[in-house]
Visitor: 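I'd like to ask some things about the structure below.
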Amino acid sequence: MWVFEEIINGRKLSEIINQDHENVKYLPGHKLPRNVVAVPSLKESAEGADILIFVVPHQFVPKICDDLAGHIKASAIGISLIKGIDKTPDGLKLISDIIREKLKIDVSVLMGANIANEVADDMFCETTIGCKKPETGKIFKELIQTPNFRISVVDDCDTVELCGALKNIVAVGAGFCDGLGFGDNTKAAVIRLGLMEMIAFTKLFCKGNVSIDTFLESCGIADLVTTCYGGRNRKVAEAFAIGEKTIEQLEKEMLNGQKLQGPQTSAEVYKILKQKKMVDKFPLFVNVYLICYKGKSVKEFITCMQNHPHHI
């Protein structure tokens with residue numbers, strides 16, 4: 001396991017993991033199996049690997065892939081658990097596309113209602129693997145599935161990946177509701193309207209057909225619900241709605257070095273919608289961006305819900 005080296009209480013994080021078998025910074029209180037070895041060198045960690053699993057904040061992916069390029073097996077396959085998207089001059093780019101292009105390997109995605117500490121506690125949950133090749137899907141399912149971590153494999157991988165990115169924006173909206181003191185009915189409306197925007201955005205920007213069934217998998221509605229009730233995007237957004245601090249300040253204070261994906265994804269989505277002149281069609285996504293970064297009052301969030309185009 002590649003570990004970005006940090007010094008914690010005078011010790012290297014990689015040494016703590018290898019000696020004490022615990023990632024005290026990012027997953028405290030959970031013992032890691034002894035066969036998980038922390039390696040501070042990215043190239044060394046991937047050397048000779050048949051399968052590469054990508055689990056880092058999405059903003060670090062291009063640099064990591066540039067460093068890995070030319071140092072991995074040509075026959076390697078990858079799977080990304082990363083929930084985010086990238087904006088390019090041509091529009092939308094999926095994180096898996098960045099990995100595919102830079103490393104020239106086949107990449108699948110895994111997304112679901114999988115809040116990390118619950119998975120580490122071996123609590124039952126489901127997940128979705130998006131994979132274009134059935135034989136690769138079988139390999140990943142065999143490798144990763146356990147009695148408490150159940151996997152379904154679908155071939156609609158772009159939709160699976162977009163669900164993972166977009167639901168974090170909706171979770172920010174859910175956090176605003178909590179901070180403003182609204183109840184479960186309001187949050188349910190945010191979740192439903194957010195899901196409608198997720199589906200509409202995916203249909204606009206996906207190559208090929210989008211299967212609505214994918215939104216009923218763990219990567220869709222289940223991940224959306226769990227993130228809107230738990231998860232760090234909701235938590236930070238609630239604090240933002242209550243207090244006077246910026247998203248960046250709260251991220252530093254509350255997340256112990258972890259990165260927030262929701263606000264940043266809303267910024268990428270906003271740029272794409274503006275480019276396509278579709279801003280009016282996505283009031284939830286757009287208002288999350290305007291509130292997080294452009295000084296719009298969080299109190300106006302409910303107004304965008306009241307006048308949403310997806311009210312039938």
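These numbers come from a predicted model, not from an experiment. Note: hydrogens, waters and symmetry copies are ignored here, and every other heavy atom, side chains too, is used.
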Visitor: Pair F285, V170 - check side-chain contact (heavy atoms from CB on, under 4.5 Å), show working.
Guide: CA-CA 7 Å; F285 288 175; V170 186; 4.0 Å; yes
Visitor: Any heavy-atom pair between the side chains of I17 and E22 that's under 4.5 Å?
Guide: no
Visitor: Ignoring hydrogens and angles, state whether a donor on the side chain of N287 or K296 is under 3.5 Å from an acceptor on the partner side chain.
Guide: yes
Visitor: Drop me the distance from Q249's CD to E244's CD, to the nearest 0.5 angstrom.
Guide: 10.5 Å
Visitor: Any idea which heavy atoms bring F54 and G78 closest together, and the distance?
Guide: CE1-CA, 4.5 Å
Visitor: Using every non-hydrogen atom in the two residues, find where V119 and C125 come nearest and quote the distance to one decimal.
Guide: CG2-SG, 3.9 Å
Visitor: Answer yes or no: is there a side-chain heavy-atom contact under 4.5 Å between Q258 and Y26?
Guide: yes
Visitor: Keeping N233 on the side-chain end and G262 on the backbone end, is there a donor-acceptor pair under 3.5 Å?
Guide: yes
Visitor: Just wondering, do F140 and L110 contact through their side chains at under 4.5 Å, heavy atoms?
Guide: no
Visitor: Heavy atoms, side chains only, cut-off 4.5 Å: are I212 and K203 in contact?
Guide: yes
Visitor: Measure from the side-chain N and O atoms of T227 to the backbone N and O of D223, and report whether any donor-acceptor pair falls under 3.5 Å.
Guide: yes
Visitor: Cut-off 3.5 Å, side chains only: do N114 and T127 have a donor facing an acceptor?
Guide: yes
Visitor: Listing request: all side-chain hydrogen bond (donor to acceptor under 3.5 Å, both in side chains) pairs with a residue in residues 269-283, at least two apart in sequence or in separate chains.
Guide: K87-Q275
Visitor: Which one of T159, D156, D158 satisfies the side chain to side chain donor-acceptor pair (under 3.5 Å) criterion with T214?
Guide: D156
Visitor: Mind checking whether V190 and F301 have side chains closer than 4.5 Å, heavy atoms only?
Guide: yes
Visitor: Treating E126 as the side-chain partner and A113 as the backbone partner, does any N or O pair qualify as donor plus acceptor under 3.5 Å?
Guide: no
Visitor: Kindly determine whether R234 and D178 satisfy salt bridge (Lys or Arg N to Asp or Glu O under 4.0 Å), including the steps that lead there.
Guide: CA-CA 8 Å; R234 188 218 63 79; D178 290 340; 2.8 Å; yes
Visitor: Does any N or O in the side chain of T226 come within less than 3.5 Å of the main-chain N or O of A222, such that one atom is a donor and the other an acceptor?
Guide: no
Visitor: Test your reading of the model: is there a side-chain donor-acceptor pair from E5 to the backbone of L13, 3.5 Å cut-off?
Guide: yes
Visitor: How far apart are the closest heavy atoms of G84 and I95, and which atoms are they?
Guide: O-CG1, 3.2 Å
Visitor: Are any side-chain N or O atoms of K294 and backbone N or O atoms of I291, one a donor and one an acceptor, separated by less than 3.5 Å?
Guide: no
Visitor: Is a side-chain N or O of Q145 found less than 3.5 angstrom from the main chain of R150, in a donor-acceptor match?
Guide: no
Visitor: Show the numbers, then the answer: is there a side-chain contact (heavy atoms from CB on, under 4.5 Å) between V39 and S14?
Guide: CA-CA 6 Å; V39 180; S14 62; over 6 Å; no
Visitor: Got a second to check how far N256's CG is from E251's CD, nearest 0.5 Å?
Guide: 12.0 Å
Visitor: Evaluate whether atom NZ of K31 has more than 12 neighbouring non-hydrogen atoms of other residues, nucleotides or ligands under 6.0 angstrom away.
Guide: yes
Visitor: Applying side-chain contact (heavy atoms from CB on, under 4.5 Å) to V107 and I79, what does each step give before you reach the verdict?
Guide: CA-CA 5 Å; V107 183; I79 188 164; 5.9 Å; no
Visitor: Please state whether the rings of W2 and F4 are parallel, tilted or perpendicular, taking 30° and 60° as the class boundaries.
Guide: perpendicular
Visitor: Write down the atom of N148, the atom of D122, and the distance for their closest heavy-atom approach.
Guide: ND2-O, 3.1 Å
Visitor: Between CG of D106 and CG of L103, what distance do you get to the nearest 0.5 Å?
Guide: 12.0 Å
Visitor: Is there a donor-acceptor contact under 3.5 Å from the side chain of E161 to the main chain of S96?
Guide: yes
Visitor: L195 and L204: same hydrophobic cluster, using ILVMFWY side-chain contacts below 4.5 Å?
Guide: yes
Visitor: With side-chain contact (heavy atoms from CB on, under 4.5 Å) as the criterion, how do S152 and E217 come out once you've worked through the C-alpha distance, each side chain's angles and the decisive distance to 0.1 Å?
Guide: CA-CA 8 Å; S152 58; E217 296 285 348; 2.8 Å; yes
Visitor: What is the minimum heavy-atom distance between Q261 and K83, and which atoms define it?
Guide: OE1-O, 3.3 Å
Visitor: When rounded to the nearest 0.5 angstrom, what distance separates NZ in K138 from CG in L143?
Guide: 15.5 Å
Visitor: Does the distance from a Lys or Arg side-chain N to an Asp or Glu carboxylate O, for K187 and D184, drop under 4.0 Å?
Guide: no
Visitor: Hey, what do you get for CD1 (I53) to CD1 (I51), rounding to the nearest 0.5 Å?
Guide: 7.0 Å
Visitor: Ion pair present between E253 and K245, side-chain N to carboxylate O less than 4.0 angstrom?
Guide: yes
Visitor: Quick one, Q264 and H58 - any side-chain contact, counting heavy atoms below 4.5 Å?
Guide: yes
Visitor: Can you tell me if CD on Q306 sees more than 12 non-hydrogen neighbours from other groups inside 6.0 Å?
Guide: yes
Visitor: Does the distance from a Lys or Arg side-chain N to an Asp or Glu carboxylate O, for D155 and K132, drop under 4.0 Å?
Guide: no
Visitor: Output the distance between atom CG (L94) and atom CD1 (I99), rounded to the nearest 0.5 Å.
Guide: 10.5 Å
Visitor: Under a 4.5 Å cut-off applied to non-hydrogen side-chain atoms, are I169 and L166 in contact?
Guide: yes
Visitor: Determine, using the 4.5 Å side-chain heavy-atom cutoff (strictly less than), whether I105 and I98 are members of one ILVMFWY cluster.
Guide: yes
Visitor: Output all residues satisfying salt bridge (Lys or Arg N to Asp or Glu O under 4.0 Å) with K43, sequence neighbours left out; order by chain, then residue number.
Guide: none
Visitor: Check whether any side-chain heavy atom of L42 lies under 4.5 Å from a side-chain heavy atom of H71, and answer yes or no.
Guide: no
Visitor: When you group the ILVMFWY residues by side-chain heavy-atom contacts below 4.5 Å and let the links chain together, are V279 and V269 in the same group?
Guide: yes
Visitor: I'd like to know if E47 pairs up with K73 as an ion pair, taking the criterion as any Lys NZ or Arg NE/NH1/NH2 lying under 4.0 Å from an Asp or Glu carboxylate oxygen.
Guide: no
